[in-house]
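Read through the structure below, which is laid out as structure tokens, and then see the notes.
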Amino acid sequence: MAKYQFQTEVNQLLKLIIHSMYSNKDIFLREIVSNASDALDKLKYLTVSDDAYKQIKFDPRIDITFDEKEAVLTVQDSGIGMNSDDLTNNLGTIARSGTKAFLEKLSSDAAKDSALIGQFGVGFYSAFMAAKEIVVYTRRAGDQDKKIYKWSSDGTNAYDIEEIAADSDEAKKYGFDNADKTGSAIEMRLNDESKEYAARWKIEELIKRYSDHIAFPIYLHYVQNKYDDKGNVTSSENKVDQVNSASALWKRSKSELKEKDYNDFYQTIAHDGQDPLHYVHTHAEGTQEYTMLFYVPQTAPFDMYQADYKSGVKLYVKRVFITDDDRELLPAYLRFVRGIIDSEDLPLNVSREILQQNRILETIKTASVKKLLGEFKNMGEEADKARKAEKPTDDEKKAIEKWNKFVKNYNRPMKEGLYGDYANRDEIAEIIRFKSTDPSGTGEDKWTSFADYVQRMKPNQKAIYYITGGDEENLRKSPLLEAYTKKGFEVLILDGDIDEIVIPGYGKYKDFELKAVNRAGSDEELGVDKAEAEKKEKDFKPVVEKLKKALGDRVKDVKLSNRLTDSPCCIVIDENDPSLQMERMMKAMGQGGPSMVKPILEVNADHAILQKVKATDDEALIGDIATVLLDQALLLGGAEIKDPADFVKKLNKLIAAQ
């Protein structure tokens, strides 16, 4: 027997499971049965695709046995099984770079956390919610040595792995004395608070609730007693009943399925304790035949923004599981989608390399994206229509709530699609939502769309205006908005971390250019009297020159502003330069050096501070004012200032001089 230490992250996880997740213990059986189903899927695929496995007789089944007296519950499958290395890799470690981030998300909210644990893909450990010790007996299919291994742990720090003999009582108990027997038996010795799970009625209830749609038969073994009139046992009979329907739900007709069927199936494949936010089920026939069943989770998957995110879509061919780890099934911006694609036309022995270049799969992928985008667009339209109702019905309120959840969770990845999916960018542009200076886009759960913006545009307005930055509240107070607000022009408030890349990359919505108000040249529509502007520019040229001289190479230029009405100054960025926010993003990714972006300082000629500059030739005073003006404009623009102490010193000096 060899003793091994659990990976640090596994130890942390087990402590959380054992000590803080008892509110939803029932899910542990769902997770163990789901793992058994995955093991069967893997062996089924190998027996039809790999010559080394084709001689194996595949008899897929999951068997559940229990001992009520000893409080032991066992789930056994006839699937792929594990060898010693598999046991260490699968049950001793979590091979995900996002493990630390996942653990940080776990809190004291037990019900919420128990849903997260399955979502993370470590559902095996959830069994320690109910078990004081777990023993796994297993033999891997295809291994020539036909070794049987025993893995055991009480969930505290360490686990043991040992090889057991085929003629041992332990091996015989689960049929491993037969050299052709493969798979795993998970023996859970229940703790005192969980003995109820070693009972026929409880197991049947949980299988019906959580695992009825597992595509392989689940058999429950139990003893049926017969009693006389006085309640004494007269005879006992060992019985085995199939306790699930064992049908591929996605292949069934939509007309025979209820919402509960879809919800239960989602919880099984997504390891989620909540019902889905939305689902779509489609069967296509014609040149190609395939079935799609897609779900949108209520809340974003925890790994949605991690580089090693796990694909949520499983590929089947004629009901044979092929893969659940192929990111080519849907584009990256739809990585939050869960579900099934089942093709009747792909070859069963298709490899990952072939999948990446397969014309059939590319057609299915294109159709899948179109279908999902159409569903999302309809969700938004239904919510928009419901908002206009004087007295929304319950269904209309649900439509609004549903869309709000979608926008909160998935607006950002959808924006990625606007940038990365050129073929569907116009459809995506109808789905994404924005905050805005208009009341419809101001406040909690209020967003607007490009289409709604266009409907509200002023007569002869030629562009859609937006402002980008890191904080919505600060952007709404930006001096850059003053003239646009005064003219009645709506401005979209874009405070997302990728907006600076996505929106300029899209460039144009229908016939309207997208213009950033914090870019030079975006003030052409503000209706400035050219003759008056030229006169003011000529009159104020000495002031501009004084400020340029004082600021030196800290700025690219100093100009009179057409967009300021109340504030003394603002900064804008040259149309050909990256924004300050973009520069910060590059630095955060380790790709930025010293600041290379030099802002353009725009000043308000009518403001008292600038009039003071006009009236003096004191270079020291002009230098202090110029520095304070630039630094305050940078702060309002969400940028950092190089020398905060110097800024405060100069500001105090100016205040004291008043």
Side-chain angles (χ1 to χ4, degrees), residues 1-2 29 31-66 72-92 121 123-124 127 134-153 159-188 211 214-221 240 242-244 246 314 316-317 319-325 348-349:
M1 180 186 296
L29 186 57
E31 296 301 313
I32 296 300
V33 170
S34 180
N35 286 352
S37 175
D38 289 344
L40 290 166
D41 269 330
K42 288 172 183 174
L43 183 57
K44 183 178 181 181
Y45 172 59
L46 289 170
T47 58
V48 297
S49 65
D50 190 325
D51 290 339
Y53 290 83
K54 286 183 178 178
Q55 80 282 3
I56 294 175
K57 183 183 177 183
F58 182 57
D59 178 22
R61 60 186 291 146
I62 298 169
D63 290 273
I64 300 177
T65 58
F66 63 95
V72 176
L73 173 64
T74 304
V75 177
Q76 183 172 7
D77 66 75
S78 57
I80 188 69
M82 291 177 279
N83 57 30
S84 180
D85 288 342
D86 294 330
L87 285 167
T88 298
N89 293 333
N90 295 341
L91 306 186
F124 170 80
I134 298 176
V135 181
V136 179
Y137 300 95
T138 185
R139 176 191 279 139
R140 183 177 172 84
D143 280 7
Q144 296 302 311
D145 57 23
K146 297 186 180 294
K147 290 181 177 179
I148 307 162
Y149 291 95
K150 175 184 176 182
W151 180 101
S152 59
S153 177
Y159 58 94
D160 298 318
I161 296 178
E162 63 177 305
E163 184 182 343
I164 61 172
D167 60 355
S168 67
D169 290 341
E170 290 174 309
K172 290 177 182 177
K173 184 178 180 180
Y174 296 109
F176 289 117
D177 52 328
N178 177 350
D180 293 327
K181 181 74 172 178
T182 66
S184 301
I186 316 297
E187 188 177 278
M188 293 161 279
S211 307
I214 292 290
F216 302 104
I218 301 173
Y219 296 101
L220 178 60
H221 299 242
V240 181
Q242 183 174 332
V243 288
N244 70 320
K314 296 185 177 185
Y316 287 76
V317 174
R319 282 191 59 187
V320 176
F321 171 76
I322 304 298
T323 182
D324 61 356
D325 191 27
L348 282 169
N349 62 347

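Residue indices begin at 1 and follow the sequence shown.
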[X]: side chain to side chain contact (heavy atoms under 4.5 Å, CB included) partners, not counting sequence neighbours:
{"X": "D51", "value": "K54"}
{"X": "A171", "value": "I148, I164, S168, F176"}
{"X": "S153", "value": "F6, F128, W151, Y159"}
{"X": "A141", "value": "L43, Y53, I56, I80, T182"}

Compare every heavy atom of [Y] with every heavy atom of [X], then report the nearest pair and how far apart it is.
{"X": "I218", "Y": "S211", "value": "CD1-O, 3.8 Å"}
{"X": "L40", "Y": "P60", "value": "CD2-CA, 3.8 Å"}
{"X": "A127", "Y": "M188", "value": "CB-SD, 3.9 Å"}
{"X": "K172", "Y": "A166", "value": "CG-O, 4.3 Å"}
{"X": "V33", "Y": "I62", "value": "O-CD1, 4.0 Å"}
{"X": "A246", "Y": "R319", "value": "O-NH2, 4.2 Å"}

Practice problem: Quick one: list whatever passes ring-ring contact (aromatic ring centres under 6.0 Å, His included) with Y174, sequence neighbours left out. | Solution: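 Residues passing ring-ring contact (aromatic ring centres under 6.0 Å, His included) with Y174: Y137.
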Self-check item: Partner set under ring-ring contact (aromatic ring centres under 6.0 Å, His included) for F321, not counting sequence neighbours
Solution: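 Testing F321 for ring-ring contact (aromatic ring centres under 6.0 Å, His included), a comparison that skips the adjacent residues, returns Y316.
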[X]: partners by side-chain hydrogen bond (donor to acceptor under 3.5 Å, both in side chains), with sequence neighbours left out:
{"X": "D177", "result": "none"}
{"X": "K150", "result": "E170"}
{"X": "R140", "result": "D86"}
{"X": "K173", "result": "E187"}

Self-check item: salt bridge (Lys or Arg N to Asp or Glu O under 4.0 Å) pairs, two or more places apart, involving residues 35-45
Solution: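 Qualifying pairs: D38-K314.
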Practice problem: Verify the neighbour count for atom CG of D59: are there more than 12 heavy atoms of other residues, nucleotides or ligands below 6.0 Å? | Solution: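 Result for CG/D59: enclosed.
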Is there a donor-acceptor contact under 3.5 Å from the side chain of [X] to the main chain of [Y]?
{"X": "T138", "Y": "G81", "value": "no"}
{"X": "D77", "Y": "S37", "value": "no"}
{"X": "D143", "Y": "D145", "value": "no"}

Between [atom1] on residue [X] and [atom2] on residue [Y], distance to nearest 0.5 Å:
{"X": "I134", "Y": "L91", "atom1": "CD1", "atom2": "CG", "value": "9.0 Å"}
{"X": "I161", "Y": "L87", "atom1": "CD1", "atom2": "CG", "value": "5.0 Å"}
{"X": "R139", "Y": "D180", "atom1": "CZ", "atom2": "CG", "value": "8.0 Å"}
{"X": "F66", "Y": "L220", "atom1": "CZ", "atom2": "CG", "value": "5.5 Å"}
{"X": "S84", "Y": "E163", "atom1": "OG", "atom2": "CD", "value": "9.0 Å"}

Less than 4.5 Å apart, any side-chain heavy atom of [X] and any of [Y]?
{"X": "L29", "Y": "V75", "result": "yes"}
{"X": "H221", "Y": "D63", "result": "yes"}
{"X": "T47", "Y": "K57", "result": "no"}
{"X": "F58", "Y": "V48", "result": "no"}

